[in-house]
Amino acid sequence: MTHAEDFDPTLHRYADGEMTQDEMRTFEARMEANPALAARVAEVMALNEALNMAVPSPQATYFAKMISNISPDISPRSAWPRRAVAAVALLGIGLALGYWGGVTRSAGQGGVPESQLLASASAAHMLYTAEVLHPVDVSGDERDHLKTWLTKRLGAEVRIPTLTQEGFSLVGGRLLPAPYGAAAQFMYETESGQRVTLYLTPTVQMAVTSLKFNTHDGLTAVSWQDPHWHYVLVGAASRSEMEHLAKRVHGDVI
């Protein structure tokens, strides 16, 4: 179950630099009084900085100071700034190792080896499906806000598939760094707690590919591409179950 601060729209307005100076001061006062909120924003800011790789914004400078003042004996609940950095590091490790090693270069984003996209999607799946308090940036209860936000950040209309007939409800979604640019991750969950994630990132190659299956460490990844997006569906399920879910997703987004 996630905290209310995960769904606070002002959190993303602050992280995206859309506040006035007065609004920033008010919000920063809230964060100083609420370590959980400050930690949550720090995670979003870390991912934003990884995506943008630009000159640090005033917000990033503020967080650099805030994080530098965190005590070494920080409690586990307040460790999100470190975990945000760990999230970015884990994605980088996945890309460097390329542990979906048998996959060849294909019609991925801008000619990116498909192994990199699979590694990114898998690393993000392993990191966030294990989370109890913060599995997503925006809850599935705010589906319209989630779609609008990710459409703006990824630069193309994002469609959020529905998997309720397959027994999976939408937990929510988040913004992620991709090998070149940004990606979205949607998380789905059954009543028994089984989770699958859908990773999608824009592609510049106007191609359509069939479903491709890869397995590693108990995970099955199904990847495919349409003229606008490259998709990777990841879950700890059989090939037949993942194929069924992938076909449902494919039919819901075309």
Is there a donor-acceptor contact under 3.5 Å from the side chain of [X] to the main chain of [Y]?
{"X": "Glu23", "Y": "Thr20", "value": "yes"}
{"X": "Thr190", "Y": "Gln194", "value": "yes"}
{"X": "Thr220", "Y": "Ala237", "value": "yes"}
{"X": "Thr197", "Y": "Gln185", "value": "no"}

Lys/Arg cation over aromatic Tyr188: Arg195, 6.0 Å, 45° cone:
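Output no; distance or angle outside limits.
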Does [X] reach the side chain of [Y], with side-chain heavy atoms less than 4.5 Å apart?
{"X": "Leu198", "Y": "Pro161", "value": "yes"}
{"X": "Val196", "Y": "Thr129", "value": "no"}
{"X": "Val232", "Y": "Val222", "value": "no"}
{"X": "Leu233", "Y": "Tyr199", "value": "no"}
{"X": "Phe27", "Y": "Met19", "value": "yes"}
{"X": "Leu117", "Y": "Thr201", "value": "yes"}

Run the salt-bridge test on Asp144 and Lys147 with the 4.0 Å N-O cut-off and return the result as yes or no.
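Salt bridge absent between Asp144 and Lys147.
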Measuring from atom [atom1] of [X] to atom [atom2] of [Y], what distance do you get when rounded to the nearest 0.5 angstrom?
{"X": "Ser223", "Y": "Leu200", "atom1": "OG", "atom2": "CG", "answer": "13.0 Å"}
{"X": "Trp149", "Y": "Glu142", "atom1": "CH2", "atom2": "CD", "answer": "11.5 Å"}
{"X": "Thr209", "Y": "Asp226", "atom1": "OG1", "atom2": "CG", "answer": "8.5 Å"}
{"X": "Asp22", "Y": "Thr26", "atom1": "CG", "atom2": "OG1", "answer": "6.5 Å"}

Looking at every non-hydrogen atom in both residues, tell me the closest pair between Ala182 and Pro202 and how far apart they are.
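Result for this residue pair: O-CD, 3.6 Å.
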Could you tell me if Glu28 and Tyr14 have a donor-acceptor pair between their side chains, going purely by distance under 3.5 Å?
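There is such a pair between these side chains.
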State, without any angle test, whether Arg143 and Thr162 hold a side-chain donor-acceptor pair at a distance under 3.5 Å.
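Indeed, the side chains of Arg143 and Thr162 share at least one donor-acceptor pair under 3.5 Å.
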Over 60° means perpendicular and under 30° means parallel, so tell me whether Tyr231 and Trp224 are parallel, tilted or perpendicular.
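It falls in the parallel class, under 30°.
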